[in-house]
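Scroll down for the structure; my scribbles are underneath it.
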Amino acid sequence: MINSDEKFRKLCSENKHLWMGILNITPDSFSDGGAYLKAESACTRAMQLIKHGAKILDIGAVSTRPYAEEISISEELDRLYPVILSLKDKIPDDVLISLDSFNPEVTYALAKENLIDIINDQFSGRIKRLNSNNNETKNISNAEIAASFNLGYVIMHMQGKPDNMQDAPIYTDCTEEVILFLQERMIYAERCGVKEIIIDPGIGFGKTVEHNLELLSPKFIKKLSALNKHILIGLSRKWFIGQLYKELDIPIKRDYISKEYEFKCIANGVKIIRSHVMPSELIYK
């Protein structure tokens, strides 16, 4: 059976860029919290995303919006299992499942059952949790889990944590600090044995409007490309867009502007766009 990291590599080689569809099975996500909390509605939405071009489904059961509260491991797994188990039998072979979770106990539970292809880790391996396997208990990170199960692995920059990251983001040189962080986390993941690493500058995660615009600039994306890893950008419906366009006061109104930024990112060399809606779901006049 082909490994997940090989499936990801093949997908990248066959597509100039990839759309990653967001599926939040949470009650409190900033954009669509509660809309897909039930497994049936989540699976319906997942199949819509695939129909409209998503090649990766990024499924998360814990909100990482600013000031979000953590939930228990058991609650996260209870939200995830019904959705992912149902989707595994329905999605095409060339669509991958990404687990949007920073909790190694959760990612391990799903990885060992061959239910996921990618770990999307907002903490980039900085969290280690106790894990028991074959009567041995040790601390492991998501990077180590990705390596052990041959999964793709997303590392992302975040200043602070979700409960404080937007209090007062400050950098001496935002772009340089983001690149240095991603380089350090890349080295760590490679040492763990991860073969397929995706890098994400973390739009909206401990950033002001100005910081986000710097990280979306052609100049920065060119610098990021020099790290020779596939770049992921997730800007869909985010707060900074509402600050730039005051009339877009609720997240769902920001889809068209999000697409403008996303297509610019693709033109500048970004491989993966993480988004709430696919382009063909929108009606352009």
Side-chain angles (χ1 to χ4, degrees), residues 20-46 57-88 97-149 151-167 185 192 200 202 204-206 234 251 274 276:
M20 172 187 271
I22 298 170
L23 188 62
N24 292 319
I25 45 177
T26 61
D28 58 342
S29 290
F30 82 94
S31 170
D32 52 10
Y36 309 114
L37 198 53
K38 292 184 178 180
E40 184 178 356
S41 59
C43 290
T44 297
R45 179 59 188 148
L57 294 174
D58 193 42
I59 304 174
V62 178
S63 175
T64 52
R65 62 175 174 77
Y67 313 111
E69 296 181 1
E70 289 192 34
I71 63 171
S72 68
I73 294 162
S74 60
E75 187 173 358
E76 186 175 357
L77 286 170
D78 285 346
R79 292 176 184 177
L80 288 166
Y81 265 121
V83 175
I84 294 179
L85 285 171
S86 178
L87 285 174
K88 266 296 188 179
I97 291 180
S98 167
L99 176 59
D100 185 4
S101 178
F102 55 80
N103 194 325
E105 290 165 290
V106 171
T107 57
Y108 180 83
L110 294 170
K112 72 178 182 179
E113 295 187 39
N114 194 35
L115 293 175
I116 57 175
D117 302 294
I118 297 167
I119 298 174
N120 185 5
D121 183 9
Q122 302 93 343
F123 282 84
S124 304
R126 292 175 290 163
I127 292 178
K128 288 195 172 189
R129 295 275 168 85
L130 283 175
N131 180 70
S132 297
N133 187 33
N134 296 327
N135 298 318
E136 180 185 4
T137 301
K138 63 178 182 177
N139 281 314
I140 58 171
S141 70
N142 275 335
E144 292 170 296
I145 293 167
S148 295
F149 292 96
L151 306 176
Y153 187 56
V154 181
I155 58 176
M156 188 195 80
H157 177 273
M158 173 169 53
Q159 187 182 86
K161 299 186 296 182
D163 61 359
N164 62 24
M165 64 187 180
Q166 288 303 115
D167 285 349
R185 290 288 87 193
C192 289
D200 177 355
F205 286 83
R274 181 180 182 274
H276 293 87

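By convention here, the first residue in the shown sequence is residue 1.
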Given side chains that start at C-beta, do those of I25 and I59 come closer than 4.5 Å, heavy atoms only?
yes
Heavy-atom count check: over 12 atoms from other residues, nucleotides or ligands less than 6.0 Å from E40 CD?
no
One should read off an interatomic distance between Y36 OH and I22 CD1, to the nearest 0.5 angstrom, of 11.0 Å
Using modelled atom types only, decide if a donor and an acceptor are shared between the side chain of T107 and the backbone of P104 within a distance under 3.5 Å.
yes
For L115, run the side-chain contact (heavy atoms from CB on, under 4.5 Å) check against L85, I97, L80 and tell me which one passes.
L85
Hey, what do you get for CD (E113) to NZ (K88), rounding to the nearest 0.5 Å?
11.0 Å
Look up atom CD in Q122 and atom CG in D200, then write down how far apart they are to the nearest 0.5 Å.
9.0 Å
Backbone N or O of L57 within a donor-acceptor pair of the S98 side chain at under 3.5 Å?
no
Beyond-backbone contact of L110 with L99, side-chain heavy atoms, under 4.5 angstrom
yes
Is there a side-chain contact between F205 and H157, using heavy atoms and a 4.5 Å cut-off?
no
Does E76 offer a backbone N or O that forms a donor-acceptor pair with the side chain of R79 under 3.5 Å?
no
Between L23 and D58, is there a side-chain heavy-atom distance shorter than 4.5 Å?
no
Is there a donor-acceptor pair under 3.5 Å between the side chain of R185 and the backbone N or O of I155?
no
Going by heavy atoms in the side chains, are I127 and N142 under 4.5 Å from each other?
no
Short question: side chain of N103, backbone of E105 - any donor-acceptor pair under 3.5 Å?
yes
Which heavy atom in A147 sits nearest to a heavy atom in C192, and how many Å separate them?
CB-O, 3.2 Å
Quick check: closest heavy atoms across A61 and I71, and the distance to 0.1 Å?
O-CD1, 3.6 Å
How close do Y81 and A109 get, heavy atom to heavy atom, and via which atoms?
OH-O, 3.6 Å
Could you check V62 against E75 for side chain to side chain contact (heavy atoms under 4.5 Å, CB included), going step by step and ending with a plain yes or no?
CA-CA 9 Å; V62 178; E75 187 173 358; over 6 Å; no
Gap separating the CZ atom of F123 from the CE atom of M156, nearest 0.5 angstrom
8.0 Å
Between the main-chain N or O of S141 and the side-chain N or O of E144, is there a donor-acceptor pair closer than 3.5 Å?
yes
Would you say the side chains of Y153 and D121 form a donor-acceptor pair under 3.5 Å?
yes
Closer than 4.0 angstrom, basic N to acidic O: yes or no for D100 and R274?
yes
Taking C-beta and beyond as the side chain, do I145 and K112 meet within less than 4.5 Å on heavy atoms?
no
